[in-house]
Amino acid sequence: MVDPHHVADVAVHSSQLLRWIPFIPLLGAAVNFLLGTRIQSRAGRGGVAAVAIGSSLASFVLVVISFFSLLAFDEHSRLVIDTVAPWVHIGSLNVDIGFQFDPLSAVMTLVITGIGSLIHIYSYGYMDEEPAAWRFFALLNLFMFAMLTLVLGDSLLLMFVGWEGVGLCSWALIGFWHQDHVNTTAGNKAFIVNRIGDFGFLLGVFLLFWSLDSAGQASMVFRELPALVGGLDGMALWGVPVVTLITLFLFVGATGKSAQIPLFVWLPDAMAGPTPVSALIHAATMVTAGVYMIGRLSFLFAMAPATLEVVAIIAAATAFFAATIGIAQNDIKKVLAYSTVSQLGYMFIAMGVGAWAAGIFHLVTHAFFKACLFLGAGSVIHAMHHEQDMRKMGGLRHYMPRTFWTFLIAAVAIAGVPGTAGFFSKDEILWNAYLHSPALWVMGFLSAGITAFYMFRLVFMTFYGECRADEHIREHLHESSGWMTWPLIILAVGSLFAGFLGVPAALGGSNAFAHFLEPVVGHMEHSGHHSLALEYGLMAASVGIAGLGILLAWLIYVKKVFSAESLARIGGGWPHRVFLNKYYVDELYGATVLRGTMGLSTLFAWFDRTVVDGVVNGSASVTRIGATLSGAFDFRVVDGLVNFTADAIHAFGGVVRRVQTGSLNTYLYVIVVVVAAVLFAGTWN
Amino acid sequence: MPEALGLHHFLLVGAALFCMGLYCVLTRRNAIGILMGVELVLNAANVNYIAFSRYGVGGVDGQVFSIFVIMLAAAEAAIGLAIVLGIYRRSGSIDVSQMTSLRG
Amino acid sequence: MDHILTYMTFIPLAGMAFILCMPGGATKAIRLTALGFTIPPLLMALWLFANFDRSTEAMQFMERAQWIPSFNIQYIMGVDGLSVTMILLTALLCPICILASWNIEKGVKGYFALFLLLDAGMTGVFCALDFFLFYIFWEVMLLPMYFLIGIWGGARREYAAIKFFLYTLAGSVLMMIAMLALYFYNEPHTFDMLVLMDNAGTYSRTFQTWTWLALFIGFAIKIPAFPFHTWLPDAHVEAPTAISVILAGVLLKMGTYGILRFCYPMLPLATQDMAFWALAALGTWNIVYGALCAMAQTDMKKLVAYSSISHMGYVMLGMATMTVQGINGAVLQMFNHGTITAMLFLLVGVIYDRAHHRRIDGFGGLASVMPVYTGIMVIAFFAAMGLPGLSAFISEVLVLLGAWQYSPGLAIVAASAVVLTAGYMLWMLQRVWLGPVNEEYASMPDVNAREILMLAPLAVIVIVLGVYPHAILDLINTSLTAINNTVLSAVPPVASLPLDVLP
Amino acid sequence: MNLNNIQSLPFSLPEGLLAVGVVGLFLLELVVKRKALLGELALVITAAVTCLVAMQSGGQEGLLFGGMVALDGFSIFFKLLLGLAGFGAVWMSLGSDEMRDEHPGEYYALLLSVTLGMFYMASATNMLMAYLALEFVSQVSYVLTGFIRGSRRGAEAALKYLVYGGVASGAMLYGMSLIYGLTGSLDYAVISQVMAGLGSGGVDGAVVAGAQPVIYLALVLVLAGVGYKIAMVPFHMWSPDVYEGAPLPVTALLSVGSKAAGFAMMIRFFYPAVSAYDGDGNWLAAAGVDWQSLLVVASMVTMTLGNVAALRQDNLKRLLAYSSIAHAGYMLMGFVVMADDGLRAMMFYMVVYYIMNLGAFTVLLMVLNQSGREDIEAFKGLAWRGGALPAAAMLIFMLSLAGLPPFAGFIGKFYLFAAVIRQEMWVLAVVGGVNSVVSLYYYARIVRSMYLDQPAEDAPQFVADRHNGLLVGVLAVATLVFGVWWRPVVALADRSLSFFTG
């Protein structure tokens, strides 16, 4: 039952170490799920945290070891696989539980386990009053497992396991404080919207599988796909090239998981979860799964320029619109959430223009600074006794200096100030976007300015000026513990320096990062030659607009040169209202998709109970329909059909009884009439 | 016996009797009247048997049959009258259209 | 082990006789006896599972005896991969259901006696290879089911019981007509299902079509396929927990089992003709319709009942595709649905035992009150949603994969149910288990050892089959591939009627 | 073997014993003090008669009394069944409270007379004999129906029965006269020869052309006479009223005995007498008269009407009356296929029907004895107030009547359906099937009442009496056993399907 297909032309290394990268967190999760309550009651919160942090760190260590052993291989044979067990082998479908480690997985796993471990540590400080800490840590570990499966899985199907697994953990962690209805509703929304994406993803997988099947050989295993997809050329379904359809379906999945238009609505709501969760899942790792997936299948997407065009346009729109929404939010986590959506848009712009490595690069730098921002926000929220409204903050830099400085560094990074991580990765994307189409660059360029503005609006509203919190909270304001601040510091350092992994050639670097990924994702060649001067000019422009954004924020929120209120009144106030209400997308979905589904379900249930069964229950169903219309739909349509028949037979029974009058004359009449009729009929022929 | 009188005349008489009997049975509401109708039906058959026996190829079988029928008709009338008498004693009426306690 | 199938079928029957002889007051002894008589079949099923030859599609563990020679009725028992899977499911669920019935107080003796009779009937249905014998077992189940719902059920139990009874009988009458038609079509007349299958090539297309329809309606009522499904919500809501489990876990499977056992190999031409509308399209409709109806329910059991309708749609769709993936996925889904929906009903039963109602809006915050229970419940719910890593994912993906090759349009509609399913499951989960604690149930005890004993094995199976589906797939693949090939390769019989030959 | 009157006597021992019993019981009533003895004597006689019949089985076949009656497998089969029906009725009468104080000698003598009449109905091979036997049975039945002196319902039922029966048999008599005129004989053997000649056009062509409507008319009229005996629609209307009005044991006898005798007579008339056997298990309607499709319709209408009307009955006797109408419809399914397997299925079904219907009536009798009521309310919660065993037996009988496996009723229905489907009469099969489903509804109502309903607070504890309980038990076990292993019954029916026509 072992996979018979071997890829002959690539030297494959195998290592049984690989499986432990996801399995150790899984083990940690299992221990905490099954024994967590006992551990916590015996050893306190520290016990469960130790299990979780330990397994996460152990996984990180394994990743590092794997990473270095990968570096030791020749550039073109950097692929390690670990086939654990056969999984599904039915007909042409042959999938094993197997993991693969290549440069792309390496980058992802380093981010996941590295930043993940930091956030585990941070969580110990953050969840210091949580009675169900065991459940929290178990879920975090389970998330690590699922995410690692997503990026290490060697087939689309196994990737999908991780893909939905992270969704499950996301659901459970968003609704972690499940006594509050708002939290669980947000969790459900996240899961269901993600499922819409997963629906697309599945269809993409099916179409890919069967197209490959009719092209000769079907497979879902990543390392076999590049050699096979060539057969898809020229195939079409419903008049569309299959490659385009496949990639579009897959991209639907990506829009769900990575919160792109039109499925981004769940991410802001997901901020209902504990802040470390927002940092880990809804900023640094899970939401980037879509980007990873496109990177993983870049050879396929490269075959579908039409899809890439769609990706780029949607991504640019997402980046821009999410940024505009970010301007008007007052909830500190909501601002960061829209910022995440916007930054994910950047990553997809990169994917859409074929700059795969640039997208992944931004993914990495974003993981650092966005995790840092979220954790910093968490630190603030923790200090403010779970107050998230920025209008009630202010001046916090005096109370929590370490949080302030790390937050500031991360904000500088995301704004794209030269030298920081954000600068390198964002410029790489903007440059590639410009090469593809200047219009895309304009969108990204504008978004960069807005990003700088709302980030510094956040910084200034939170950390500058007078403290607007009430007395009680102000008295208790304090810097967070070392469990929380040290991860912040490490992340801040990363935000400053991670960019140097991929310094572009124009700035004298060698772009080591892109080079490292090249064996996996390759790169698309752009036609035409562009001068270095142009590249410098664009760089300067984006730095300039970021500076402009920061300056504007400073003028408004520190110097109060303009009031924020007057800004909100621009254009009759409606732009602000639109931003504040997130372009009314939630309302739109509520009125169409949600209302439509619920209406249909109510209608069907009514139909089921009234018509289908009613034809069996007949006369009674008429009254029941009346009852239904007045709101009680628990009675009868499909069922009605059945009951109608029964009633009809019953009524017929009544007729027969009435003929049996008891009078002899009737009886005799019946005989005579029937016999006469029979005779008449018989002799007629 | 005149030439004109043939089998079919007897059969017509029989059929007419049969119909009259049925008519009587259907329209009478008096129990005795109905019993008389039944007698007519039986006798219609008797006419047939005897006619067939005389004109047909059946030998004396038909005549024997009719004797048995007469006997049975008498028995039936006796039983019927006894029942009717019982009913009359109890309810003072022999109108069958009143006897509808068993119905439905 | 000679005659293992006979033993499996008749040991519960012996148990019934034994229990009938016990004094009615000895409730505890009766429960234990009932449990005791369901354990040997389980062990035998496991033995079958271990010793079943997975490499051949031929029937195994065959038994054959004359019964009524003058009508050529025989006693034939035998299993292939398809039936072994179903037997395993039955044998597994029966002891669990006995455990779930531990709280029955009224008429204990009658309850367990009838339950064992039901057990015997179910096992017999999956073992029988003589159509007549199959029919007897099929019908034998009706009676205990009627009483188990009618006597031990909820408020509208009488309506539900008679509805179930009438519906199923209507289906089986048609089945009997089809059975006799097959019998007389074959020369010499026979009920031997193996012969009926072997001769499939000689049945004319018209004959196949009508017979197929008659059989299909009988089976569709059991599945239950729209619009024959309305007995199901009523029966489920009124039935006691254990009976709901059996109903959803085993009885529904008999519909699809029957289609695969009879319609496919015996009437392949008709299957080719009818599969699209009667199985694929109807199955897809079932999936979406069931899911949407489930969403509107206010009673937990009813919701689960409609979810069964939806999930059984996958089975219909899968088998209709006639791809290796689809048909294997369909049967795997039968097993998985059997375990998952059993868990769901048991879980609803657990709180029903405590709260004596099942209104979705009547609870809230149970997760805080009953953490262990909630943990198991989450596994069951997410398994029902087809979460990867749990068993139903594999079967649903296989079905949908097969469906895509068959008809991408249907596959898209069917796959949309992944969203709907998540919708109604999570919504119910939120309303019942999450949110602020309902003070009325703030002190509800968590699951006890007995309840864990009945839920844990199922939870383990759900997880194991998600990781190692070949435990079942290996069992069924050979048999199903053979059945599938029969249908795919069927051609109309060579015309041999004089009318066709004469000029 | 064709024997004259004297030679026939040794072969008429069962009938002789019955006749002696009838006369003896009349006379003994005058002398015997302990009246119960008379009933027991009747019981012994019916048992002995049944045994005697059984001893004839497999022996010589032939025509007795100069061709009046046949002694063949067919008649022995039915005589066995009818003897058992008589036995059952006597047994039930012994256990019936309402019959306790009536004139037992007279009553049991009449029961034996009916049995005797039925014996001759089943074996008559001459229209005269058939008519005489039929009238004999009918007239004694009228008396039995109104036997309870004080019963107003009994008297009303008796009168209705009498008038209805008189008209129906009068019609039959008229029909027979036409056949006599056409064929010149009362003897079935001769009739069949002449009919066959008419069919093949052997006689004058003109006669044939004119004969067909007459034969049709005659057959329809004869059908009225036998149809009324078996309660076939539209000649069924007496039966609900009579079943309800008559004493319960008499009702039971009417439903299992005279129905079977009616069928036996009908088969003899419509098969050996007016149809031709092709030697290969199939029968051809004589003279091209299509009575088959007429009866197909009658069968469907009969079962449908019976079942549908039974749905809304509360009186159990009446419900069972409609149910027995429906069962006549089922049995007609076997009648109309014009083949041996159909007749065999009918005969098998009659055995099964005897068992389950008699059982149902006996349970009803037990309930009636206890509560004095015969409506469905009397069964309420029966299983929960001491009547577990009668309730279980009733359950078996009801489900068997509904045709559910593993009970004998299913096997019976199965054979009927098999016969119909072999002839590819799909519509009839489907109608029969639908009817089975409909019928379940009212049978299940009784089951529901016994099991699903709780007894009323003040309902008395049910005490089953041993006498009736024994009969119920035997019948219940038989229903179960024949549902699983019915080889002997079907073998008997197989063996008995031989008509001796000389």
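Note that the coordinates shown come from a computational prediction; the quantities given were computed from them, not determined experimentally.
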**Message:** Under 4.5 Å from any heavy atom of chain D, what part of S91(B) do you find: side chain, backbone, both or neither?
**Reply:** side chain

**Within 45° cone and under 6.0 Å: R149(D) NZ/CZ vs F147(D) ring** = yes

**Prompt:** For M237(D), is it the side chain, the backbone, both, or neither that has a heavy atom closer than 4.5 Å to a heavy atom of chain B?
**Reply:** neither

**Request:** Would you please indicate yes or no on a ring centroid separation below 6.0 angstrom for F136(D) and Y120(D)?
**Result:** no

**Prompt:** Counting heavy-atom pairs under 4.5 Å to chain D, which of T100(B), V47(B), L40(B), I34(B) comes out on top?
**Reply:** T100(B)

**Request:** With a 4.5 Å cut-off on heavy-atom pairs, point out which of M176(D), Q313(D), R152(D), Q139(D) contacts chain B the most.
**Result:** Q139(D)

**Asked** Using the benzene-type ring in the case of Trp, are the ring centres of F65(B) and Y131(D) under 6.0 Å apart?
**Response** yes

**Asked** By a 4.5 Å heavy-atom criterion (distance strictly below it), what part of A44(B) contacts chain D: side chain, backbone, both, or neither?
**Response** both

**Asked** So which of L72(B), V69(B), V38(B) has the largest heavy-atom pair count under 4.5 angstrom toward chain D?
**Response** L72(B)

**Fill in**
Highest number of heavy-atom pairs under 4.5 Å with chain B among S177(D), G150(D), G175(D) belongs to S177(D)

**Which of M127(D), R153(D), R318(D) touches chain B most, by non-hydrogen pairs under 4.5 Å** = R318(D)

**Request:** Go through the atoms of T145(D) and report whether side chain, backbone, both or neither lie under 4.5 Å from a heavy atom of chain B.
**Result:** neither

**Asked** Hey, which residues of residues 19-27 of chain B are touching chain D, say heavy atoms under 4.5 Å apart?
**Response** L22(B), V25(B)

**Request:** Let me know if Y49(B) has heavy atoms under 4.5 Å from chain D in its side chain, its backbone, both or neither.
**Result:** both

**Request:** Would you give the length of the straight line joining atom CE of M68(D) to atom CG of N5(D), rounded to the nearest 0.5 angstrom?
**Result:** 8.5 Å

**Complete:** Counting heavy-atom pairs under 4.5 angstrom with chain D, the leader among I83(B), N46(B), L42(B), N43(B) is I83(B)

**Request:** Can you check whether anything in residues 155-170 of chain D gets within less than 4.5 Å of chain B, heavy-atom wise, and list it by number?
**Result:** A155(D), E156(D), A157(D), A158(D), L159(D), K160(D), L162(D), V163(D), G166(D), V167(D), G170(D)

**Prompt:** Which answer fits A15(B), side chain, backbone, both or neither, if we ask what part of it has an atom under 4.5 Å from a heavy atom of chain D?
**Reply:** both

**Asked** For A171(D), is it the side chain, the backbone, both, or neither that has a heavy atom closer than 4.5 Å to a heavy atom of chain B?
**Response** both

**Message:** With a 4.5 angstrom heavy-atom cut-off, is it the side chain or the backbone of R312(D) that approaches chain B, or both, or neither?
**Reply:** neither

